[in-house]
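First up is the structure itself, then whatever we jot down about it.
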Amino acid sequence: MDRLEVPHASLEVEAAALDADDPLAAHRAAFVGAETSLIYFDGNSLGRPPRATAERLARFVTDEWGGRLIRGWDEAWMDLPFAIGDRIGALALGAASGQTVIGDSTTVLLYKLLRAALDAQSATDPERVEIVVGRDDFPTDRYLVEGIAAERGARVVWVEVDTSRGVDADLLRAAVGPRTAVVLLSHVSYRSGYLADGPALTRIAHEAGALVLWDLCHSAGSVPMDLDAWGVDLAVGCTYKYLNGGPGSPAFAYVAARHQHRLTQPVQGWMGAADVFSMGPQYRPADGMRRFLSGTPPVLGMLAMQDTLDLLDEAGIDAIRRKSIALTDFAVRVADGILGPLGVSLASPRDSAERGGHITLSHPAMRAVTARLWRGDVIPDYRDPHGLRIGLSPLSTSFIETLAGMRAVADALRAEA
Ligand SMILES: Cc1ncc(COP(=O)(O)O)c(C=O)c1O
């Protein structure tokens, strides 16, 4: 029988069966709020807090901060950005140790790595003055590229994209050339959920002699990666989305070992210096990943993500991806069945191999629909033009929750009409 002909009640049966068969179902209970009736479709923007985090935070205040005081820096905190970075690298990025560090915000880390890469490229070849970036990439990425280009006399090459997809191999091939210094790419598009082909796009950038910097915000913790095997140069990603680090938790940066000695970043702070406590007259960058730090590491902001890393270790990123695909496939089927007749179209790839952990549904009423849903404790988010983003965080979202949320979207659309 065609999916569109399935009677609506059978969707509940299907969702219950998918939950019953879900090997990761038990992990949902590890998150605060999962026991309530609130429906959360925005774990790709701000993940739910793991339950274990409350105790970790309390313990930190009493035992570590309160008990060890300034000694905490020597005993543990100075190493935390590298220890957690290595765990993210191993569990989510396919990165060997010594290449990933927790630092500043995503925006600041992208700035530092993009500037460092551009400077290194134009130092070896002054003709390489172009930065390639997608026209529909996240605003911070586009704004940074424009700012750095103005600062360094570089040129921006925009890759025009369909907003329901992202930068693919053909588009990138047409944009790069002998003048390309750096390519900045989104692994999963924040708007459409388009999943770029990591190894293929990295290869295309390299064949043109460019360095590649990946924005992994919407894939880290949800889509498996193999940064070392793909030959990626640089990457940055958020930790407050699928890594559940909490509002404003600091981002991670990946710099391939082969580049670390030749890249110098522009925010020359004491924490990135060769000998932090010698307080010397001049900045000399540290060896390895420390040189990409600038100021005091935000230790409190690094606590919560450790609980998600424990869950990631237990569940495994491949199983997480399998559930993510099952969730988005189910959401697409439900959207076709109950939202299509209301005039909703899919503004994301239909093929799960080209899709990350969220889908976007398009309808002119979606801004008002989103506001109505929020009032009723159903939480997706809205992105222009007319896009309702459904983010399905695999560890904390069930199929029944997904279906109930989609039914609420249908009700809200009918009410707005
Ligand atoms: C794809 C992408 N890149 C960059 C950022 C910027 O991150 P931050 O605000 O933490 O600097 C975000 C934030 O949501 C994002 O989704």
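Remember, it's 1-based here, ligands and their atoms both numbered in the order they're listed.
Crowding of R284 atom CZ: a count of heavy atoms from other residues, nucleotides or ligands under 6.0 Å not exceeding 12.
Residue contacts with ligand 1, taken as heavy atom pairs separated by less than 4.0 Å, involve D141 solely via side-chain atoms from C-beta onward. Using a 4.0 Å cut-off between heavy atoms, D215 contacts ligand 1 through its side chain alone, with no backbone atom that close. Contacts between T140 and ligand 1 below 4.0 angstrom, taking non-hydrogen atoms only, involve the side chain exclusively.
Taking every non-hydrogen atom of K241 and a distance limit under 4.0 Å, the qualifying atoms of ligand 1 come out as 13 (C), 14 (O), 16 (O). Close contacts between ligand 1 and S105 involve ligand atoms 11 (O) [criterion: under 4.0 Å to a heavy atom]. Taking every heavy atom of H218 and a limit of under 4.0 angstrom, the matching atoms of ligand 1 come to 1 (C), 16 (O). In summary, the atoms of ligand 1 found under 4.0 Å from a heavy atom of C217, numbered by their order in the structure, are 1 (C), 2 (C), 3 (N), 4 (C), 15 (C). Of all atoms in ligand 1, listed by their number and element, those nearer than 4.0 Å to a heavy atom of T106 are 4 (C), 6 (C), 7 (O), 8 (P), 10 (O), 11 (O).
Distance from atom 11 (O) of ligand 1 to its nearest protein heavy atom, with residue and atom name: T107 OG1, 2.5 Å.
Using a cutoff of 4.0 Å between basic side-chain nitrogens and carboxylate oxygens, D318 and R321 are not scored as salt-bridged.
With R191 as the partner, the side-chain hydrogen bond (donor to acceptor under 3.5 Å, both in side chains) test is satisfied by one option alone out of D137, D136, D384: D136.
With Y190, Y240, F138 as candidates, the residue nearest to atom 7 (O) of ligand 1 on a non-hydrogen basis is Y240.
Looking only at distances, a side-chain donor or acceptor of H358 sits under 3.5 Å from a matching main-chain atom of G193.
Residues D307 and T53 have side chains that bring a donor and an acceptor to within less than 3.5 angstrom of each other.
Classification of the F277-W270 ring pair by plane angle, with boundaries at 30° and 60°, yields perpendicular.
Contact annotation: the side chain of S324 never approaches that of R355 to less than 4.5 Å [non-hydrogen atoms, C-beta and beyond].
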